[in-house]
2 protein chains.
Amino acid sequence: MTPSTATRSRKTQIDRTATALFRARGYAATSMRELATALGLEAGSLYSHIKSKEEILHRVCFGLASDFFASFDQATADASVPVATQLRQAIEAHVRVLTRDGAVSAVFLHEWRHLSEPARTEFLALRDRYEAGFRNLIAQGVASGEMHTPDAAFAALTLLASLNWLPSWYRPDGNLGPDEIAHRLAEQLLQGLEGKK
Amino acid sequence: MTPSTATRSRKTQIDRTATALFRARGYAATSMRELATALGLEAGSLYSHIKSKEEILHRVCFGLASDFFASFDQATADASVPVATQLRQAIEAHVRVLTRDGAVSAVFLHEWRHLSEPARTEFLALRDRYEAGFRNLIAQGVASGEMHTPDAAFAALTLLASLNWLPSWYRPDGNLGPDEIAHRLAEQLLQGLEGKK
DNA sequence: CCTACCGATCGGTAGG
DNA sequence: CCTACCGATCGGTAGG
């Protein structure tokens, strides 16, 4: 039997509520009873919609991973654009995905290590592949003389680190919108604090 | 009674082993029985040396916090030095503390949220105060014309984010030593990818 | 530092 | 989606 619309939306609701709890308390410290209570039902009832606690974590982590890939591919699709511009677009795309749902992003960034094998290894492979995209962009920029750094891999790691800190302080109702944040991050990372504007 | 030398070193040993486990599996997912087994004793025996699981976490988080403060204060003690140089020294000092013990650093960065109140709030206040140090340095640099950024607070957050990603990939036996890493990070953050070397 | 144990809570299931 | 429950495990304690 295919799941009815009602069942599917209940599942989505479970994912969303669980994600918020995972973010606030951590995956391991969140109990299925807390989750059930937050949804207004009994613990056992959750299992008509999901198979396990980890299934939720799996969906969140791998779902956002594929969003990141789709977003990156779109930002860098046009090879005729200067590499520095492609990198700016990739940064902006990354920030947009990251700011779309703070709870999902936080769980993606910090709770993936509670995935059991082989999911954990698969997840890390995806993350590696994504980082390689940025690494290649920077390496191309260095080759074309648009950028300068002694180590593209090192630079890519540092760049993504700055971006991935965002979910820990970004507030959707704050002064800065995603686009303005993305722009400032790109400027700061490409120009540096001592560079001229 | 004051603790004997043997008791004190056993306590240190518990802290170290616990920290390694907290890093690998997360605080909530680490059981006192695992910890006891790793130390070759029974679970109940741990409590002759410590009062609670959280006490260990508390010691690790607040201990490293005070190391960071001491290190920062030393790096910025001489006000006659140019601000950009002070910032470089503060970055290098931060990296040195961060690379001294990878497990302690990882727990400090990611597990503090399992502290119960009021420790959790106190910890966040310390972190805020530390960030303010970098914020002020950048603001001074902007005022003196040595640095350029539209938002010193934003720049400080981004800078610390890049640095704090380090424990997730740094390997003590890798190609780059702490000093070389610190130097490259400082260069990249201050000069940017498009800046000239 | 151990043995023996406490009450509480965990993720998940059976049967309706 | 609920009731009732499973075995396992949790942090921590008493008493030696």
Side-chain angles (χ1 to χ4, degrees), chain A residues 1-22 24-61 107 111-117 119-120, chain B residues 1-22 24-61 107 111-117 119-120:
Chain A
M1 226 193 295
T2 57
S4 71
T5 304
T7 302
R8 228 183 318 158
S9 86
R10 192 50 151 166
K11 196 169 178 173
T12 303
Q13 197 186 351
I14 291 173
D15 279 358
R16 287 173 52 90
T17 307
T19 302
L21 287 171
F22 291 168
R25 314 159 104 71
Y27 175 79
T30 300
S31 76
M32 296 307 272
R33 279 153 181 86
E34 282 179 279
L35 173 56
T37 300
L39 287 159
L41 39 80
E42 296 303 314
S45 308
L46 289 168
Y47 293 89
S48 343
H49 304 284
I50 60 166
K51 279 183 306 190
S52 69
K53 183 185 180 183
E54 186 172 337
E55 183 199 303
I56 304 174
L57 180 63
H58 190 282
R59 237 191 327 273
V60 170
C61 290
V107 170
E111 305 300 330
W112 57 266
R113 63 215 197 88
H114 292 107
L115 290 167
S116 56
E117 295 298 350
R120 188 186 148 114
Chain B
M1 229 192 293
T2 56
S4 71
T5 303
T7 302
R8 229 182 318 156
S9 85
R10 194 49 153 165
K11 194 169 180 175
T12 302
Q13 197 186 352
I14 291 173
D15 280 358
R16 287 174 51 91
T17 306
T19 301
L21 288 171
F22 291 169
R25 313 159 102 73
Y27 176 79
T30 300
S31 77
M32 297 306 273
R33 277 156 184 84
E34 282 180 279
L35 174 56
T37 300
L39 287 159
L41 39 81
E42 297 301 317
S45 308
L46 290 168
Y47 294 89
S48 343
H49 303 284
I50 59 165
K51 279 183 308 190
S52 69
K53 183 185 181 184
E54 185 172 337
E55 183 199 304
I56 304 173
L57 180 62
H58 190 283
R59 233 187 335 266
V60 170
C61 290
V107 170
E111 305 300 330
W112 57 266
R113 63 217 197 86
H114 292 106
L115 290 167
S116 57
E117 296 297 350
R120 187 186 149 114

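What you see below is based on every heavy atom in this structure, not just the backbone, and it leaves out hydrogens, waters and symmetry mates. Just so we're on the same page: letters track the sequence lines, and every chain starts at 1. In this text, all values refer to a predicted model and were calculated from it rather than measured experimentally.
When side chains are defined from C-beta on, Phe22(A) does not count as touching Val60(A), because their heavy atoms never get closer than 4.5 Å. Residues Lys11(A) and Glu55(A) meet the side-chain proximity criterion, which asks for heavy atoms closer than 4.5 Å.
Using modelled atom types and a 3.5 Å distance limit, the side chains of Gln13(A) and Arg16(A) yield no donor-acceptor pair.
When the C1' atom of dC10(D) is taken as reference, atom NE2 of His114(B) falls 15 Å away, rounded to whole Å. In this structure, the CG atom of Leu46(A) is 10 Å from the P atom of dG11(C), given to the nearest Å. Protein atom CG of Leu21(B) is 16 Å distant from nucleotide atom C1' of dC10(D), rounded to whole Å. In this structure, Leu35(A) places its CG atom 17 Å from P of dT9(C), rounding to the nearest Å. Counting to the nearest Å, the C1' atom of dT13(C) and the CD atom of Glu55(A) are 16 Å from each other. In this structure, Met32(A) atom CE and dC6(D) atom P are separated by 21 Å, rounded to whole Å. At whole-Å resolution of the value, NZ in Lys53(B) and P in dG12(D) are 8 Å apart. Protein atom NZ of Lys51(A) is 16 Å distant from nucleotide atom C1' of dT13(C), rounded to whole Å.
In the displayed structure, Arg59(A) atom CZ is contacted under 6.0 Å by more than 12 heavy atoms of other residues, nucleotides or ligands. The number of heavy atoms from other shown groups lying within 6.0 Å of CZ (Arg25(A)) does not exceed 12.
With a 3.5 Å ceiling on both atom-pair distances, the Watson-Crick or G-U wobble partner of dG15(C) is dC2(D).
OP1 or OP2 of dG12(D) has at least one side-chain nitrogen or oxygen of Tyr47(B) nearer than 4.0 Å. Here Ser31(A) does not reach the OP1 or OP2 of dT9(C): none of its side-chain N or O atoms lies under 4.0 Å away.
Salt bridge Glu111(B)/Arg113(A): present, at least one basic N to carboxylate O contact under 4.0 Å.
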Listing time: all N or O pairs from protein to nucleotides 1-4 of chain D that are below 3.5 Å?
| unit_1 | atom_1 | unit_2 | atom_2 | d |
| --- | --- | --- | --- | --- |
| dC1(D) | OP2 | Arg10(A) | NE | 2.8 |
| dC1(D) | OP2 | His49(A) | NE2 | 3.0 |
| dC2(D) | OP2 | Glu42(A) | N | 2.9 |
| dC2(D) | OP2 | Ser45(A) | OG | 2.6 |

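Taking CD from Glu34(A) and OG1 from Thr17(A), the interatomic distance works out to 12.5 Å, rounded to the nearest 0.5 Å.
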